[in-house]
Amino acid sequence: MAEPLGYTEPYLQIYRPVPLAGPGVCRVCHSGPGNGQHLCHSCLLTTEQVTKPTMTVVPISLYRTPGPLWQVLREYKDGPTPARVALTTHIAAVIARFTGTHLRCLQSVLGGAADLVTTVPSTRADARPGAHPLQTAVRSVAGLARLHAPLLTCGPAPAEHGQADDRAFRVTQPVHGARVLVIDDTFTTGARAQSAASALHLTGAAAVAVLTIGRVIWPEWNDNCRRIWDRACESPFTFERCCLCQDR
Ligand SMILES: [Zn+2]
Ligand SMILES: [Zn+2]
């Protein structure tokens, strides 16, 4: 794969920094909760819908729709072939650079080094056959390839927008006692991520954290979302800080 630093540097302007969890920032996904809440509207719903959710979602960037990162995250899956190939390399480079720089941050939330890395399978009926491009991207990252295993397949329940379910995914390989890093491209309501996290926990995973490239944010949703987005647009994105280590 292309060298991550050189490959990601030209794209930095399409990424937006993610704030630390705290007052006015969701403790799970780092979006904006309603006043007086610790969790955003989506996380309040989806963490209640499954038996064992994860309370750790690590977005690399915020994004809004439409927008340049939204476009990348869409077209690496659905764009014309040449664009897909280039954008999958871009996605791989972003994951490589982030996980390389923030390895300790991810270890701190997992309670140690990840034993397994997996991606969330597509739940769309019209998904392309073959390996999901995110799986291709993760497998091309040197530090993650040997840990990657396709642990999840779609289960009997749908993981629809805003509706997480313990049975949305089946765990196909032993995960007992494992610290599992789940990588997904986008986080909207957390239905897919929480369904995956709960399925992994329920089959014995010791810890599950979700790394997502983009957490969508709607500044119009509430005052905290507006404030978070305005700040994200004021301060340039850097790979040197993440939503777990900004005050380091
Ligand atoms: Zn949230
Ligand atoms: Zn960090």
Side-chain angles (χ1 to χ4, degrees), residues 4-5 8 12 15-50 52-65 94-114 120 141 143-144 159 161-164 179 181-184 186-198 208-229 231-232 235-248:
L5 191 140
T8 51
L12 286 187
Y15 288 82
R16 293 284 176 267
V18 184
L20 285 170
V25 179
C26 177
R27 286 182 182 174
V28 175
C29 77
H30 303 255
S31 166
N35 282 335
Q37 303 280 4
H38 296 306
L39 304 188
C40 72
H41 177 72
S42 293
C43 290
L44 280 172
L45 282 177
T46 55
T47 59
E48 287 288 317
Q49 289 163 345
V50 292
K52 292 198 169 187
T54 180
M55 301 310 271
T56 306
V57 176
V58 183
I60 296 175
S61 177
L62 299 173
Y63 74 98
R64 61 178 304 185
T65 61
V94 166
I95 294 170
R97 189 169 175 189
F98 186 89
T99 53
T101 310
H102 298 286
L103 192 61
R104 282 193 195 161
C105 300
L106 295 170
Q107 288 176 357
S108 74
V109 292
L110 280 169
V120 185
V141 176
L144 303 180
H161 192 78
Q163 181 59 57
R179 291 182 286 263
L181 181 65
V182 175
I183 302 182
D184 206 1
T186 58
F187 185 102
T188 303
T189 64
R192 284 159 44 80
Q194 293 298 4
S195 299
S198 191
V208 179
V210 173
L211 173 67
T212 183
I213 296 164
R215 197 310 175 207
V216 72
I217 191 161
W218 291 283
E220 305 78 17
W221 182 260
N222 62 33
D223 290 348
N224 285 325
C225 288
R226 165 60 63 192
R227 189 179 46 80
I228 289 169
W229 182 250
R231 277 199 196 156
S235 41
F237 179 88
T238 167
F239 275 96
E240 297 310 306
R241 292 190 296 273
C242 80
C243 64
L244 300 172
C245 71
Q246 284 174 45
D247 54 354
R248 185 167 58 182

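This chain uses plain numbering: 1 for the first residue, then up along the sequence. Computed over heavy atoms, backbone and side chain alike; hydrogens, waters and symmetry mates excluded. Counting starts at 1 for both ligands and their atoms, in listed order.
Residue contact annotation: H30 places no N/O/S atom under 2.8 Å from the Zn ion (ligand 1).
When SG of C105 and ND1 of H102 are joined through the Zn ion (ligand 2), the resulting angle is 110° to the nearest 10°. With the Zn ion (ligand 2) as the vertex, atom SG of C245 and atom SG of C242 span an angle of 110° (nearest 10 degrees). Rounding to 10 degrees gives 120° for the angle at the Zn ion (ligand 1) between SG of C40 and SG of C26.
Contact record, T186 with T212: C-OG1, 3.3 Å, taken as the closest heavy-atom pair. Between C243 and L20, the closest heavy-atom pair is O-CD2, 3.2 Å.
By the 30° and 60° cut-offs, the orientation of the rings of W221 relative to W218 is tilted.
Paired with P33 under the rule side chain to side chain contact (heavy atoms under 4.5 Å, CB included), one option of N224, L39, N222 passes, and it is N224.
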